[in-house]
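Some notes on the structure that comes next.
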Amino acid sequence: MTTGAHPHAPAPHANIDLARYCDECRGWGSVVNDGRYELCPVCQTPE
């Protein structure tokens, strides 16, 4: 049995308020890493 997200799963939901002024993701809240959408490591980290 494999674990983890399916490769064709939709992108995780980002908090747009946190992403608004982020230069890394340009306000989207997610980035593409190795062909997969992931939450932006700069603005979407839990704090």
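The nearest pair of heavy atoms linking L39 to H13 is CD2-O, 3.7 Å. Across all non-hydrogen atoms, the minimal contact from W28 to I16 is O-CD1, 3.8 Å.
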If you look only at distance, which donor and acceptor atoms sit under 3.5 Å apart when one is on a side chain in residues 18-25 and the other is two or more places apart or in another chain?
residue : atom : partner : partner atom : Å
R20     : NH2  : D17     : OD1          : 3.1

